[in-house]
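Because the structure is a prediction, the values reported are computed rather than measured. Both ligands and their constituent atoms are indexed starting at 1 by order of listing.
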Amino acid sequence: MPAPRIRKAVFPVAGMGTRFLPATKAIPKEMLPVIDKPVIQYGVEEAREAGIEQFIFVTGRGKHVIEDHFDHAYELESLLSAREKTKELHGLLESLPNTGAVSFTRQQKPLGLGHAVLCAQHLVGNEPFAVVLPDDLMVGQPGALKQMVAAWREIGGGVVVAAEEKPREETQRYGVIAPGPSKGPITEVLGVVEKPKPAEAPSNLCIIGRYILPPEIFSELERRERGAGNEIQLTDAMARLLGRLPFHAVTTSCARYDCGDKVGFLHANLAVGLARPDIAPALRLIINALRHSA
Ligand code: UTP
């Protein structure tokens, strides 16, 4: 029997983005650009690098521009072609997923991340799959999801989450892991708690926005139990798989930028800009000038 593969990735993008208002009143936060690419496109490229073939977006009202972004823009393409802007045209065409590789479904009410993942059940079916929260921009080579898929194969399946150590005072923003033994970047997970107060957190090892999940997660999500913030939490459904399936956290070698947060988003733009040869020299001059005037 061939080894199972992770072929599908779910991108839950139905959140309201209230931390970014008023910018996100009419524009989905996933379409805000880091330098010249929308945040969502980085996530899709990372998934593609990890071998993902099917890209499933869970959207909500006002998110149709995400669909347009992953479709042909005929007027623009013919204009670029007529003006012989070949580089720009190729850039646009290269970023398009293959025919039939993209699907969209709607989360009709923003009832939480777990509920958003449940909305993709009919498109995922009965196979292991990845979940990518595009807000968490992961920068590094190999990409974060590729590192996780390799770990998932090494372990032999189950649940694999990406994790990062955070300052204790920040545990209330994350799912937090009760860690077991570690081997290199892979840590066994003994328990998970969603958004605990720092004093109640089992560690400072926090789950960040990449997951590999078995199809068994759906029967847990179908219970639709409300957790922290009265939302249907993915962490709670994962916790119910503990003891039944292997559960591990991977600390990837990538840098993470929280683009759902204003300062995290600025940080991402600076870091990605400073790594780009076409942007870095001018950006460095600006940063130096600002430093001297501050
Ligand atoms: P966040 O916790 O960042 O929530 O969601 P949010 O609503 O998008 O943003 P703020 O806090 O109001 O600024 C984490 C991820 O889960 C998705 C979001 O789109 C984001 O990718 N999500 C969250 C959903 O798809 N549906 C939900 O009901 C909640």
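Nearest to atom 16 (O) of ligand 1 by heavy atom, out of L113, I40, T59, is L113. Nearest-heavy-atom check against atom 20 (C) of ligand 1 across G15, A120, P12 picks out P12.
In summary, E127 and R7 engage in a salt bridge, as defined by a charged side-chain N under 4.0 Å from a carboxylate O. Checked for salt-bridge contact, E53 and R5 meet the test: a charged N lies under 4.0 Å from a carboxylate O. For E188 and K183, the salt-bridge test fails: no basic side-chain N is under 4.0 Å from an acidic carboxylate O. Ion pairing of K195 with E170 is absent here, as no side-chain N (NZ or NE/NH1/NH2) approaches a carboxylate O to less than 4.0 Å. A salt bridge links E46 with R210: the distance from a Lys NZ or Arg NE/NH1/NH2 to an Asp or Glu carboxylate oxygen falls below 4.0 Å. Checked for salt-bridge contact, R256 and D135 miss the test: no charged N lies under 4.0 Å from a carboxylate O.
Near A116, meaning under 4.0 Å from one of its heavy atoms, ligand 1 places the atoms 24 (C), 25 (O), 26 (N). Against a heavy-atom cut-off of under 4.0 Å, L111 is close to the following atoms of ligand 1: 28 (O). Numbered from 1 in the order shown, with element, the atoms of ligand 1 that lie under 4.0 Å from a heavy atom of P110 read 28 (O). Each of the following atoms of ligand 1 lies closer than 4.0 Å to a heavy atom of D135: 3 (O).
Within the 6.0 Å centre-distance limit, the rings of F218 and F129 are counted as a close aromatic pair.
Counting heavy atoms closer than 4.0 Å to ligand 1, residue E30 contributes side-chain atoms (C-beta onward) but none from N, CA, C or O. For V13, every heavy-atom contact with ligand 1 shorter than 4.0 Å involves the backbone, none the side chain. For K29, every heavy-atom contact with ligand 1 shorter than 4.0 Å involves the side chain, none the backbone.
Some N or O of R19 is nearer than 3.5 Å to an N or O of ligand 1, by distance alone. Some N or O of A14 is nearer than 3.5 Å to an N or O of ligand 1, by distance alone.
Within a 6.0 Å radius of CD in E45, other residues, nucleotides and ligands contribute more than 12 heavy atoms.
Scanning the protein for heavy atoms near atom 7 (O) of ligand 1, the closest one is M16 N, 2.9 Å. Among protein heavy atoms, atom 14 (C) of ligand 1 sits closest to L133 CD1, 4.3 Å. Of the protein's non-hydrogen atoms, the one nearest atom 28 (O) of ligand 1 is G112 N, 2.8 Å. For atom 12 (O) of ligand 1, the closest non-hydrogen atom on the protein side is T18 OG1, 2.5 Å. Residue, atom and distance of the protein heavy atom nearest to atom 26 (N) of ligand 1 are Q107 OE1, 2.7 Å.
The structure places CD of Q121 at 4.5 Å from CD of E222, a figure rounded to the nearest 0.5 Å.
Distance check for atom 5 (O) of ligand 1: every protein heavy atom is found at 4.0 Å or beyond.
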- Message: Could you go through F55 and F70, starting from their C-alpha distance and side-chain angles, then the distance that decides it, and tell me whether this counts as ring-ring contact (aromatic ring centres under 6.0 Å, His included)?
- Response: CA-CA 10 Å; F55 304 84; F70 291 108; 8.0 Å; no

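Shown here for V189 and V192, the closest heavy-atom pair between the two residues is CG1-CG1, 3.9 Å.
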